[in-house]
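Read through the structure below, which is laid out as structure tokens, and then see the notes.
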Amino acid sequence: MGEVEESSGPPPGSEGVPFFSQAATFGKLWPLIEERINEVFATGKFSHGRQVAAWEQELAAWTGARYAVGVNSGTDALVLLLRACGLQPGDGVLVPVYSFVATASSVVLAGGRPQFVDIDPDTYAMDATAAEAAVTPESRFMMPAHLFHQMADMAALGAVATRCGLTLVEDSAEGIGMWQDGRHAGLHGKGGVLSFFPAKTLGALGDAGAVLTDDAEVAHMVAALRHHGRLGPTLGDFSAISTETDVPGHNSKMDDIQAAVLSAKLTRLDEDIARRAELAAAYTERLRDVPGITRLPRVVERPAHEGRSAAVFYVYLIEADDRDRLVAHLTRRGVGTEVYYPTPLHLQPCFARLGHRRGEFPRAEAASARALALPLHPDLDLDEVDRVCATIREFYTGQPT
């Protein structure tokens, strides 16, 4: 996953280049959004209703999944997916050590034990060789995360999972629109998730998420767990409160308002993805010769799907010398940035009991010290990209913008 962790930039209402905005997007889409929200008010069912049911069908069709199950966040989607796939207390789950904290905390919330794996420096995702070396007798699951703009190497990781007898699931929270070997992100194992946190490639007005799977039993169990473990179809049914409870579940129903917004925004998702690619190319062209920028995004070419791309730019991530001073400089000039991720998971206080030490995962630690995300969203214009890049060049060369 990749929720916003540390933010800098201009205060609301001031001039500058914010890290993220979707005001223009909502302005363009408002007539369609308003129409669908009015339908929610007309039914009087504001959670787990008809809009959610319709949204699940639209999402399944767009991704090619047999089943899409709407829930109230990407984090809950991970917890419910792991439980639905049979995670038992104490089961080891291989996870990348460089990711948003929810990648590992969801394992703990589901009753498992995170087993950290270092990353492939080209993709920032779980490295297959390191994953195989990390397998122990307690390992039962493998859960790679797809970060920033491309998927992990699912062919290599899937082969490791098969050899080691691990159940493969995906933290594909950032993966909407990403394809590999003819399958959408989240559909390379037992299932995956999507996050619709507002800043995501497809974002809601608040928190929302989904589980994607081709497995009927997994879909059935996730659907039960999201509604307190209740049996049978419950979407849009006011009387479902009286249905029997099969297993102890969660209250993770999706709100219909979020489903209505997502359904409207899905109509321009392909356009938004194309715009993100255009902006990423503009950044690359302007930053490729800037001293101090030690790495620009790399796209590892892998088979995707007819008419689809393996890469979708959720964020534009660079690596930079003296990153923290660069962040301060950009902030003073009114440019918003995000640090992904300043503390790798093995050094997070909440996982201290696992006993890891600095130096154990050198690739993740190096990325944490140097990586920086620049503004990238469909509402950004090329003049703003020019301003961001000129401000970065000013920092490293001393030449004023």
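Below 30°, between 30° and 60°, or above 60°: for F19 and Y340 the angle between ring planes is between 30° and 60°, a tilted geometry.
In summary, E384 and R387 do not engage in a salt bridge, as defined by a charged side-chain N under 4.0 Å from a carboxylate O. Taking the charged nitrogens against the carboxylate oxygens, R50 and D256 have no contact shorter than 4.0 Å, which rules out a salt bridge. The pair R332-E394 does not count as a salt bridge, with every side-chain nitrogen at least 4.0 angstrom from each carboxylate oxygen. A salt bridge does not link R363 to D122: none of the charged side-chain nitrogens sits closer than 4.0 Å to a carboxylate oxygen.
Under the salt bridge (Lys or Arg N to Asp or Glu O under 4.0 Å) criterion, R295 pairs with no residue, sequence neighbours left out. The side chain to side chain contact (heavy atoms under 4.5 Å, CB included) test applied to R288 returns T284, E285, L296, not counting sequence neighbours. For W62, the side chain to side chain contact (heavy atoms under 4.5 Å, CB included) criterion is met by I176, H184, L266, L269, D270, I273, R308, not counting sequence neighbours. Contacts of T294 classified as side chain to side chain donor-acceptor pair (under 3.5 Å), with partners at least two apart in sequence or in another chain: R370.
Within 6.0 Å of atom CZ in R163, more than 12 heavy atoms from other residues, nucleotides or ligands are found, so the atom counts as buried in its surroundings. Counted within 6.0 Å of CD on E34, heavy atoms from surrounding residues, nucleotides or ligands total more than 12; the atom is thus considered enclosed.
Defined by atom type and a distance below 3.5 Å, a donor-acceptor pair is missing between the side-chain atoms of R333 and T391.
Applying the ring pair (Phe, Tyr, Trp, His ring centres under 6.0 Å) test to every pair with at least one member in residues 363-387, sequence neighbours left out, gives these pairs: F20-H377. Sorted by first and then second residue, the ring pair (Phe, Tyr, Trp, His ring centres under 6.0 Å) pairs with a member in residues 268-291 read Y283-Y316; sequence neighbours excluded.
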